[in-house]
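Quick caveat, the model's predicted, so the values are computed rather than measured. Both counts, for ligands and for their atoms, begin at 1 and track the order of listing. The residues of the chain are indexed from 1 along the displayed sequence.
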Amino acid sequence: MSYYIYPFELKPLNYNYDNLEPFIDAATVCFHHDKHLRTYTNNLNKALESHLTFQSWDLIRLVSEYDKLPLELQKPVRNNAGGVYNHNLYFDIMMPGGSKMPIDTLKNLIDKKFGNYDNFKAEFKNIALGTFGSGYACLVSNNEGQIEIISVSNQDTTLSRSLYTIILIDVWEHSYYLKYQNRRNEYIDNWFNLINWEVAENNYKRITSKV
Ligand code: MN3
């Protein structure tokens, strides 16, 4: 069992369900991780169960190259490998109480691109609010290490556009509805308090050292 290759295992949280309160409530974290993410994980395993050839593809390859799979596998892999990949990033990028501000390289890049952190937050929030239906807003880097904010729909990932995610927010209703109902706006504002900028910085360094 592994988090990154078949048979996929549910990646545990680095915190307790109630550690993200008051910004995200314990029930939401519990359902989101233990039910929603578990379902994506189980469905991904089910999709690959009878396809021995593709069981050796790791999670990154599955989400990046799903269009090279046999037709009947493309949709289940796109949705479920995407679901596993996006949720692992989402849960990993949060920490109890957050770490307040970007650090080091990302701080400089954000200041350079957006002027300051408040402007960055405003633009990120706009993209998250403007994501129609279900999806994610993502801060990404391209191959040259240049950052931008984009939106992806459903369980699409930034990898299929050769962009690499540094942080992302899940704006599917299941990520906020229990506490915020239709107030996606408030959920986004509060979510900024949970970002672990050290993990973000490490994500960026991993991206730029690899490419
Ligand atoms: Mn979700």
Does Ile5 sit in a hydrophobic cluster with other residues, and if so which ones, taking ILVMFWY side chains as linked at heavy-atom separations under 4.5 Å, directly or through other members?
none
Who passes side-chain contact (heavy atoms from CB on, under 4.5 Å) against Asn42, sequence neighbours left out?
Arg38
Under 3.5 Å, side-chain donor or acceptor atoms of residues 120-128 against the rest of the protein: list the pairs with distances, not counting sequence neighbours.
residue, atom, partner, partner atom, Å
Lys125, NZ, Asn185, OD1, 2.8
Lys125, NZ, Asp189, OD1, 3.0
Lys125, NZ, Asp189, OD2, 3.2

Check Leu62 against Ala81 and note the closest heavy-atom contact, atom names and distance.
CB-CB, 4.1 Å
Quick check for you: to the nearest 0.5 Å, what is the distance between Tyr136 atom OH and Ile167 atom CD1?
14.5 Å
Linking I/L/V/M/F/W/Y whenever their side-chain heavy atoms sit closer than 4.5 Å, directly or via other members, would Ile166 and Ile60 fall into one cluster?
yes
Residue and atom names of protein N/O/S atoms that fall under 2.8 Å from the Mn ion (ligand 1)
His32 NE2, His87 NE2, Asp170 OD2, His174 NE2
